[in-house]
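So that the names make sense, note that chain A is the first sequence line, chain B the second, and so on, each numbered from 1.
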There are 2 protein chains.
Amino acid sequence: MPNQKPRKPDKKPEKRSRQPDVTRRNILDAALYEFAAKGLAGARVDEIAARSGANKRMIYEYFGNKEGLWLTVLERAYEKMREEEHAIDVARMPPREGMRYLMEFNFKFCSRNPEFIALLNAENLHKAGYLRHSKKIQQLYTPLLVVIQDLLERGVKEGVFRKGVDPVELYTTIAALGFFYFSNVHTLSTIYGRNLLSPKQQKARMEHSVEVILGYLRP
Amino acid sequence: MPNQKPRKPDKKPEKRSRQPDVTRRNILDAALYEFAAKGLAGARVDEIAARSGANKRMIYEYFGNKEGLWLTVLERAYEKMREEEHAIDVARMPPREGMRYLMEFNFKFCSRNPEFIALLNAENLHKAGYLRHSKKIQQLYTPLLVVIQDLLERGVKEGVFRKGVDPVELYTTIAALGFFYFSNVHTLSTIYGRNLLSPKQQKARMEHSVEVILGYLRP
DNA sequence: CGGAGAAGTAACTGGTCAGTTACGAAATTG
DNA sequence: CAATTTCGTAACTGACCAGTTACTTCTCCG
């Protein structure tokens with residue numbers, strides 16, 4: 001089986017090498033997987049190189065060192081979340097529906113992105129030392145908080161929400177209800193003796209979480 | 001400064017060496033510190049030896065290897081929590097007070113024991129592989145769940161709680177509201193641009209958490 | 001006191017891993 | 001088709017680190 005694929009240098013380099021963007025992206029994907037599975041200290045650069053199909057030299061050329069790679073992966077994960085969150089259009093929903101939607105989105109996002117959770121936990125182990133260097137993160141959540149504020153105000157006006165709820169506290173609570181469950185699935189599953197990752201358990205948990213939020217918000 | 005301390009072999013060996021229990025305990029304390037700070041992969045056995053004042057040989061004699069040490073530290077942490085939780089006497093409190101007390105205890109425990117949180121997160125990174133081997137953990141939470149069930153039933157009977165709340169879901173929610181905040185303090189502090197570890201922020205957060213639980217539980 | 005065994009020390013070992021380097025192959029450019 | 005740059009490979013290096021070993025010192029008990 002001789003490889004005569006690259007014999008055709010037409011204007012569109014469809015397959016094969018010399019595509020830095022693709023290589024870069026492959027490295028980041030592999031790194032996300034490895035970091036999420038083993039943390040920063042446990043992850044192996046050789047493993048990332050092997051999994052990405054690239055090579056260590058490329059990794060160090062693109063990202064400098066292991067920590068540089070970590071920071072890039074972390075920022076990329078946050079960006080992904082922002083993008084998805086950006087797609088939320090809650091502003092014109094009725095307050096209660098809007099709040100339910102927010103909670104469900106958050107829950108499902110955590111369910112779909114366990115690597116994101118592992119990454120955040122690892123970063124907290126490092127006391128957010130890397131995240132602090134990323135200036136763009138800080139204003140990332142403002143739009144979401146504005147949306148929540150708006151929902152709260154409209155809810156109060158319509159008489160379906162209680163007064164005096166702080167949007168930051170509420171957002172933290174929403175995040176907590178989604179995040180904690182998936183962050184601690186394994187120890188919780190062990191303690192309760194059930195598989196909390198089963199769709200049935202997940203659904204029940206999401207329903208309960210929505211109920212907690214909406215129940216609390218009643219006037 | 002010649003050391004003539006150990007020159008007195010009276011019946012009570014007050015200070016100094018040859019006290020396996022003390023050495024063992026020192027190692028566990030040092031290991032808790034190191035593991036909580038750096039995770040299993042990041043922790044260094046040499047560092048634990050140095051910090052404990054003991055020696056690597058002792059560590060391997062007592063605990064076999066690094067993983068054995070990890071498991072022992074983990075179990076010890078859970079035991080500590082159980083002990084403190086055991087001291088809770090909520091059974092004869094009025095339902096709402098009891099629930100508030102539970103929530104506050106949980107919150108304060110997380111605040112007081114950041115190592116416990118780090119340990120749990122690391123163990124979840126390992127998919128609870130170590131915890132699963134510890135049979136005694138599984139039935140640890142049953143008494144607490146019974147207490148919650150009792151509170152809920154009395155609350156319903158007295159007309160201060162809503163019906164149909166699942167005690168397991170509720171406990172998970174209580175745990176989430178306490179745990180998540182401290183587990184993610186650093187990234188949250190970075191994002192919000194405030195120091196969430198300040199007593200003021202902690203107090204506000206605890207009040208909010210209690211409000212969420214009690215607000216949700218209203219009939 | 002003296003011998004046995006437990007507790008402790010420090011140097012060592014073998015493997016692992018982050019980061020480097022020397023070199024080759026392909027592609028782009030003129 | 002050279003020359004230059006970009007991409008890729010694989011072997012290497014030096015540090016680090018889990019676990020071991022050879023040896024010393026203390027304590028206990030007869």
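Here A:H186 pairs with nothing under the ring pair (Phe, Tyr, Trp, His ring centres under 6.0 Å) rule; sequence neighbours left out. Every residue was checked against the side-chain hydrogen bond (donor to acceptor under 3.5 Å, both in side chains) condition with B:S209, not counting sequence neighbours, and none meets it. The salt bridge (Lys or Arg N to Asp or Glu O under 4.0 Å) check on A:E115 picks up nothing, with sequence neighbours excluded. When the salt bridge (Lys or Arg N to Asp or Glu O under 4.0 Å) test is applied to B:R132, no partner is found at least two apart in sequence or on another chain.
Contacts of residues 30-39 of chain B with DNA chain C (heavy atom under 4.0 Å): none. Using a 4.0 Å cutoff on non-hydrogen atoms, the parts of residues 43-76 of chain A near DNA chain C are A:A43, A:R44, A:V45, A:D46, A:K56, A:R57, A:Y60, A:N65, A:K66, ordered by number.
Among pairs with a residue in residues 35-44 of chain A, those fulfilling salt bridge (Lys or Arg N to Asp or Glu O under 4.0 Å) read A:E34-A:K38, at least two apart in sequence or across chains. Listed by first then second residue, pairs satisfying salt bridge (Lys or Arg N to Asp or Glu O under 4.0 Å) with a partner in residues 56-67 of chain B read B:D46-B:K56, B:R57-B:E61, not counting sequence neighbours. Sorted by first and then second residue, the salt bridge (Lys or Arg N to Asp or Glu O under 4.0 Å) pairs involving residues 193-208 of chain A (not counting sequence neighbours) are A:R100-A:E207, A:R205-B:E169.
Using a cut-off of 4.0 Å between Lys/Arg side-chain N and Asp/Glu carboxylate O, B:K108 and B:E84 are scored as not salt-bridged.
A close approach under 4.0 Å does not occur between any side-chain nitrogen or oxygen of B:T23 and OP1 or OP2 of C:dA7.
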